[in-house]
Amino acid sequence: MADLIETISKGELDFDVLLATPPAMPKLAKLGKVLGPKGLMPSPKAGTVSTSPADAVKEFKAGKLEFRCDKQGIVHVPLGKCDFTEEALQARLRARARARPDAADTSTPSPAHTPALSRPRS
């Protein structure tokens, strides 16, 4: 684990999700400045800190996504990666649009949904 921490601290982030167990979190705390701005720091709320790593890996490999909401109430959801084809991105966007009504919180008004594209952080 020390090797992995050293690699990450050098800025080599060749992964999409970092999963951890609760005992590993104090060791990963020093990587907060590297992982935090990129949204890769494990957290129990996001499901990336788990006492059952095998189950967490299965969930994320099956396509589990983390929905984030900023201070203005805008929901951020990754739709794909830069190397995805245009057709694959369109299919994922359509699937996301279909999932929205089922996941809606009826206590709040529905905001306008406009897709936004951004380049990955480097």
S.K.: Can you find a heavy atom in the side chain of L35 that is under 4.5 Å from one in the side chain of L13?
M.R.: yes

S.K.: With a 4.5 Å cut-off on side-chain heavy atoms, are F60 and D16 touching?
M.R.: no

S.K.: If you compare all heavy atoms of P23 against all heavy atoms of P26, which two are closest, and at what distance to 0.1 Å?
M.R.: O-CD, 3.3 Å

S.K.: Roughly how far apart are I8 CD1 and D3 CG, rounded to 0.5 Å?
M.R.: 11.0 Å

S.K.: T85: which residues meet the side chain to side chain donor-acceptor pair (under 3.5 Å) condition with it, sequence neighbours left out?
M.R.: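 Partners of T85 under the side chain to side chain donor-acceptor pair (under 3.5 Å) test: none.
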
S.K.: If hydrophobic clusters are built by linking Ile, Leu, Val, Met, Phe, Trp and Tyr wherever their side-chain heavy atoms come under 4.5 Å apart, do L31 and V17 end up in the same one?
M.R.: no

S.K.: A side-chain contact here means heavy atoms from C-beta on lying under 4.5 Å apart; do L28 and P42 qualify?
M.R.: yes

S.K.: Membership question, hydrophobic clusters at under 4.5 Å side-chain separation (ILVMFWY): are M1 and L19 in the same one?
M.R.: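 No; M1 is not reachable from L19 via cluster members.
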
S.K.: Give the minimum heavy-atom separation between G32 and M41, together with the two atoms involved.
M.R.: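 The answer is CA-SD, 4.1 Å.
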
S.K.: Given the rule that I, L, V, M, F, W and Y join up when any side-chain heavy atoms are under 4.5 Å apart, are V57 and L18 in one cluster?
M.R.: no

S.K.: Of V34, L4, T7, which is the lone residue that meets side chain to side chain contact (heavy atoms under 4.5 Å, CB included) with E12?
M.R.: T7

S.K.: Rounded to the nearest 0.5 Å, what separates atom CZ in R94 from atom CG in L89?
M.R.: 10.5 Å

